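This report concerns only the one structure given below.
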Amino acid sequence: MNHLVSPSMLSCDFSNLRQEIEMINHSTADWFHLDVMDGVFVPNITFGQPVIKHIKQHALKPLDVHLMIVNPNRYFEDFQKAGADWLTIHYEASTHLHRDIHAIKDLGMKAGVSLNPHSNVQLLKDVIEDLDLVLLMSVNPGFGGQKFIENTYTKIVELKEMIEERRSSAMIEVDGGVTFDNAGQLVEAGCNVLVAGSTVFSHPHPQEAIERLKQLR
Ligand code: DX5
Ligand code: ZN
């Protein structure tokens, strides 16, 4: 399977949100990556379901919602109603991960779990068959534009082995510090979905940046 590109709207121009959505609609991007932060799990605060609901009205591609919030289960239904197609919660923010994964799936969404850079992939061993996606954070979550953490490559390889061994259909997504320089190596290691914020939106021609991440040239 060819890899996917999910531009992180965190770095877009929110004063021109409609135009940014149309730009993604007309690009070769696969998903919209939407970062929800609560100021508790991570130091930053971004947006929530009301904004996502508006994005959904114009987005022609699936919404890949990354929840960086504590007790995420309080809001699963709200995000489903707002239009999330993929809902990813953090391993570090969920006490009853197995229950949460199934609650997401029961609402008809694809379920993802994200690991912070310090969390070992083996922590997911007992739920890997239940997952549609594993999001490996390659920076400490909270902000765009940070430097990529190099141990991500070995985590991808280890996770891919686990997925194959358990015959899981989970996709591997990498988020944080993805650039033209490391994207190829990430896909080669086994990454299925590249998230990119600043690499896309700080580029003078974001659609070209997306296409370059797709083609890896
Ligand atoms: C960080 C977010 C990322 C962020 C990535 O906590 O989860 O999705 O937007 O931004 P870049 O690609 O600029 O590192
Ligand atoms: Zn993210």
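As the structure is a prediction and not an experimental result, all values here were calculated from the model. When a ligand or atom number is given, it counts from 1 through the structure's own listing order.
Protein heavy atom closest to atom 1 (C) of ligand 1, with residue, atom name and distance, is F143 O, 3.5 Å. Among protein heavy atoms, atom 6 (O) of ligand 1 sits closest to G142 N, 2.8 Å. Ranking the protein heavy atoms by distance from atom 9 (O) of ligand 1 puts S8 OG, 2.7 Å first. Counting only heavy atoms of the protein, atom 2 (C) of ligand 1 lies nearest to D35 OD1, 3.4 Å. The protein heavy atom nearest to atom 14 (O) of ligand 1 is G177 N, 2.8 Å. From the protein, the heavy atom lying nearest to atom 3 (C) of ligand 1 is D175 OD1, 2.9 Å.
In the vicinity of M37, heavy-atom distances shorter than 4.0 Å reach the ligand 1 atoms 6 (O). The contact set between ligand 1 and G144, taken as ligand atoms under 4.0 Å from a residue heavy atom, comprises 10 (O), 13 (O). Which parts of ligand 1 touch G176 is read off a 4.0 Å heavy-atom cut-off, strictly below it: atoms 14 (O). Residue-ligand proximity, P141 to ligand 1, at heavy-atom distances under 4.0 Å covers atoms 6 (O). Near H33, meaning under 4.0 Å from any of its heavy atoms, are these atoms of ligand 1: 8 (O). Atoms of ligand 1 lying under 4.0 Å from any heavy atom of M68, numbered from 1 in the order shown and given with element: 6 (O), 7 (O). Residue H66 approaches ligand 1 through these ligand atoms, each under 4.0 Å from one of its heavy atoms: 7 (O).
Ligand 1 has a nitrogen or oxygen under 3.5 angstrom from a nitrogen or oxygen of G197. Any N or O atom pair closer than 3.5 Å counts here, and S11 shares no such pair with ligand 1. Polar contact with ligand 1: present for S198 (N/O pair, distance under 3.5 Å). Checked by distance only, ligand 1 and N140 stay at 3.5 Å or farther apart across all their nitrogen or oxygen atoms. Considering backbone and side-chain atoms together, G145 places an N or O closer than 3.5 Å to an N or O of ligand 1. For ligand 1, the polar-atom distance check against V195 finds no nitrogen or oxygen pair separated by under 3.5 Å.
The OG1 atom of T95 sits 8.0 Å away from the CG atom of D100 when rounded to the nearest 0.5 Å. Rounded to the nearest 0.5 angstrom, D13 CG and M23 CE are separated by 10.5 Å. Rounding to the nearest 0.5 angstrom, the gap separating the CD atom in E211 from the OG atom in S27 is 9.0 Å.
A salt bridge does not link D64 with K110: every distance from a Lys NZ or Arg NE/NH1/NH2 to an Asp or Glu carboxylate oxygen is 4.0 Å or more. Between K56 and D85 there is a salt bridge, since a side-chain N of the basic residue sits under 4.0 Å from a carboxylate O of the acidic one. With respect to the salt-bridge test (charged N to carboxylate O, under 4.0 angstrom), the residues R212 and E208 do not qualify.
In A196, the part holding a heavy atom less than 4.0 Å from any atom of ligand 1 is the backbone.
Not a single donor-acceptor pair under 3.5 Å links the side chain of S138 to the backbone N or O of I149. Side-chain N or O atoms of R74 include one that pairs as donor or acceptor with a backbone N or O of V70 at under 3.5 Å.
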Quiz prompt | Residue pair N25, H58: steps toward the side chain to side chain donor-acceptor pair (under 3.5 Å) verdict | solution = CA-CA 9 Å; N25 282 342; H58 302 287; over 6 Å; no
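Rounded to 10°, the angle that ND1 of H66 and OD1 of D35 form at the Zn ion (ligand 2) is 90°.
The two atoms that bring A29 and K61 nearest to each other are O-NZ, 2.7 Å, heavy atoms only. Considering every non-hydrogen atom in both P43 and F143, the closest pair reads CG-CE1, 3.9 Å. Residues K155 and N116 approach most closely at NZ-O, 3.2 Å, considering heavy atoms.
Contact analysis leaves T199 out of contact with ligand 1, as no non-hydrogen atom separation drops below 4.0 angstrom.
Ring geometry for H66 versus H90: interplanar angle under 30°, hence parallel rather than tilted (30 to 60°).
The closest side-chain donor-acceptor pair between D35 and T46, if any, does not fall under 3.5 angstrom.
Of all N/O/S atoms in D175, OD2 sits nearest the Zn ion (ligand 2).
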